[in-house]
2 protein chains.
Amino acid sequence: MEKDPVQAIATRLKIEREARGWSLAELAEQSGVSKAMISKIERCEASPTATVLGRLSGAFGLPLSVLMALAERAQEQVALAAEQPVWTDPETGYTRRAVSPPNSLLELLEVSLPPGVRVPYPAAAFAFQHQQIWVLSGRLDFQEGRTLHHLAEGDCLLLGPPADCVFFNPGSEPIRYVVALTRR
Amino acid sequence: MEKDPVQAIATRLKIEREARGWSLAELAEQSGVSKAMISKIERCEASPTATVLGRLSGAFGLPLSVLMALAERAQEQVALAAEQPVWTDPETGYTRRAVSPPNSLLELLEVSLPPGVRVPYPAAAFAFQHQQIWVLSGRLDFQEGRTLHHLAEGDCLLLGPPADCVFFNPGSEPIRYVVALTRR
DNA sequence: TTATTTTGTCCACTATAGAAGACGATTGAC
DNA sequence: GTCAATCGTCTTCTATAGTGGACAAAATAA
């Protein structure tokens with residue numbers, strides 16, 4: 001709250017720019033701010049004035065207050081367990097919890113899979129750089145393409161190239177496992 | 001959205017400071033920003049950097065994004081009827097609606113006064129530069145110090161120096177009138 | 001390969017943000 | 001009335017925000 005917001009603005013600025021696939025030159029043209037200055041801001045070598053912040057947020061089509069709010073969120077270091085978004089499939093009881101703070105480079109998902117439940121994932125859903133599966137408790141049958149992996153408690157699997165996958169809990173108790181991934 | 005936020009920030013900054021009863025020197029001490037610079041920012045003669053915005057919002061105990069959001073609100077030109085804050089006295093049924101957009105220099109209040117109701121105002125409540133009362137419908141008896149004004153529909157009264165005042169509706173129907181004022 | 005475009009950073013320069021203190025105006029105490 | 005404290009603005013000076021252009025590295029094209 002009383003910390004210098006330069007760092008948070010820097011990372012947020014870069015995220016917004018790259019999310020749009022813009023180069024420094026493109027954002028410079030859109031915003032009217034020189035690309036040298038944008039480069040400095042993104043590297044925390046300059047503290048932008050309200051005027052340039054207004055121009056940059058305008059180029060993104062965001063109100064300045066929203067851009068600042070996003071910057072503040074990105075700064076959060078701790079994702080409290082109580083605040084982590086949880087999704088539950090009402091049919092199967094499958095639940096997935098997003099553990100990592102928002103906008104992290106590395107994402108951790110904690111999954112609970114009820115007994116007997118079978119969750120298929122098409123190959124198209126895996127647009128990640130890297131992905132691993134680590135079993136916390138119980139036994140997990142994981143089918144990756146044509147290969148079937150039997151994973152026991154503590155086992156960790158590194159996924160290969162994109163393939164149709166299926167998660168299955170063959171036991172009689174819910175199992176818990178972690179999915180760790182880095183996005184493209 | 002793509003406008004320079006300097007003006008909006010300036011007025012918001014002054015509002016926050018004066019709401020806390022702080023002088024420039026006090027805010028300077030709280031925030032670590034020189035009072036000369038705060039003065040410039042409030043008069044739109046400088047565009048504050050992210051660093052000083054962070055310090056100032058910190059002094060107010062506000063996240064930067066909230067300060068920006070408040071600044072943007074102050075910039076709104078239209079106060080929609082549905083969004084205007086209305087206050088009703090549960091005892092008498094007296095209602096007062098703040099018509100003007102927030103933080104305007106000139107404020108308009110629309111008042112509805114039920115029949116027979118008498119609303120006194122002590123002289124101390126009038127810390128305004130100028131104030132006028134304009135009757136929209138009905139008849140209003142308005143006592144200003146020792147003078148009693150009988151105001152009919154369409155009449156408009158310019159108030160003199162601060163004095164104890166009383167609003168009274170002598171009729172059998174609710175009356176509506178407008179209070180227009182400029183704050184000190 | 002070599003040439004060309006595009007990337008982000010660095011350099012030199014100008015504009016201005018920001019600090020510290022002086023100043024006149026106002027207020028209140030006596 | 002005088003004096004002192006406090007207000008916001010103005011002045012001077014330094015630090016740095018901001019620009020335009022040069023630059024090397026990487027990607028793309030031929």
Side-chain angles (χ1 to χ4, degrees), chain A residues 2-60 64 67-68 71 105 129 184, chain B residues 2-60 64 67-68 71 103 105 124 127-129 161-162 182-184:
Chain A
E2 22 201 276
K3 220 194 114 223
D4 195 341
V6 165
Q7 165 73 58
I9 291 172
T11 60
R12 190 69 219 178
L13 186 57
K14 189 161 193 167
I15 289 172
E16 293 297 327
R17 179 174 66 84
E18 292 182 341
R20 288 164 177 77
W22 290 352
S23 66
L24 288 180
E26 268 176 294
L27 177 55
E29 182 159 355
Q30 291 286 332
S31 63
V33 180
S34 71
K35 65 175 184 172
M37 179 49 56
I38 300 172
S39 173
K40 279 191 198 171
I41 297 169
E42 286 188 354
R43 284 174 296 132
C44 292
E45 295 195 356
S47 181
T49 59
T51 303
V52 305
L53 285 176
R55 291 199 197 138
L56 292 172
S57 62
F60 292 139
L64 179 51
L67 190 66
M68 294 299 99
L105 211 78
Q129 276 192 330
R184 228 239 47 87
Chain B
E2 22 204 277
K3 222 192 111 224
D4 196 342
V6 165
Q7 164 72 57
I9 292 172
T11 60
R12 191 67 220 179
L13 186 58
K14 189 162 192 167
I15 289 170
E16 292 298 327
R17 180 174 65 85
E18 292 183 342
R20 288 164 175 76
W22 291 352
S23 67
L24 288 180
E26 269 176 294
L27 177 55
E29 182 160 354
Q30 292 286 332
S31 63
V33 180
S34 70
K35 64 176 186 172
M37 179 50 55
I38 299 171
S39 173
K40 278 193 199 169
I41 296 169
E42 286 188 355
R43 283 174 296 132
C44 291
E45 295 195 356
S47 180
T49 59
T51 303
V52 305
L53 285 176
R55 291 198 197 140
L56 292 172
S57 60
F60 292 140
L64 180 50
L67 190 66
M68 295 298 99
N103 315 313
L105 210 80
F128 312 125
Q129 277 193 329
T182 59
R183 296 196 182 273
R184 238 237 57 83

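Naming convention: chains lettered A, B, ... in sequence-line order (proteins, then strands); numbering from 1 in each chain.
- Within the 4.5 Å cutoff, the side chain of B:Asp4 has no heavy atoms near those of the A:Arg55 side chain.
- In this structure, CG of B:Leu13 is placed 15 Å from C1' of C:dA17, rounded to the nearest angstrom.
- Considering only residues two or more places apart in sequence or on other chains, B:Glu29 meets the salt bridge (Lys or Arg N to Asp or Glu O under 4.0 Å) condition with none of them.
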### Task
Heavy atoms under 4.0 Å is the rule here; annotate nucleotides 21-26 of chain C 5' to 3' with B where the base is hit, S where only the sugar-phosphate is, and - elsewhere.
B-----
Please tabulate, for side-chain N and O atoms in residues 17-25 of chain A, each donor-acceptor pair with protein atoms closer than 3.5 Å (sequence neighbours left out).
residue	atom	partner	partner atom	Å
A:Arg17	NE	A:Glu42	OE2	2.8
A:Arg17	NH1	A:Trp22	O	2.9
A:Arg17	NH2	A:Glu42	OE1	3.1
A:Arg20	NH1	A:Glu16	O	3.0
A:Arg20	NH1	A:Glu16	OE1	2.7
A:Arg20	NH2	A:Phe60	O	3.0
A:Ser23	OG	A:Ala25	N	3.4
A:Ser23	OG	A:Glu26	N	3.2

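- Near DNA chain D, defined here as any heavy-atom distance below 4.0 Å, the residues from residues 38-47 of chain A are A:Lys40, A:Glu45, A:Ala46, A:Ser47, listed numerically.
- No side-chain heavy atom of B:Gln30 sits under 4.5 Å from any side-chain heavy atom of B:Leu56.
- Looking at residues two or more places apart in sequence or on another chain, you find a side-chain contact (heavy atoms from CB on, under 4.5 Å) between B:Ala28 and B:Lys35, B:Ile38.
- For the pair A:Ser47 (side chain) and B:Thr51 (backbone), a donor-acceptor distance under 3.5 Å is present.
- Contact detail for B:Leu64 and A:Pro5: the closest heavy-atom pair is CD2-CG, 3.9 Å.
- Nearest to the side-chain atoms of B:Val33 among the listed nucleotides C:dA17, C:dA19, C:dG18 stands C:dA19.
- Atom pair B:Glu29:CD and D:dC7:C1' shows a separation of 16 Å (rounding to whole Å applied).
- Listed by chain and residue number, nothing satisfies the side chain to side chain donor-acceptor pair (under 3.5 Å) test with A:Ser31 (two or more places apart in sequence, or in another chain).
- Of the two residues contacting DNA chain D, namely B:Leu24 and A:Ala50, the nearest-nucleotide position lying further toward the 5' end is that of B:Leu24.
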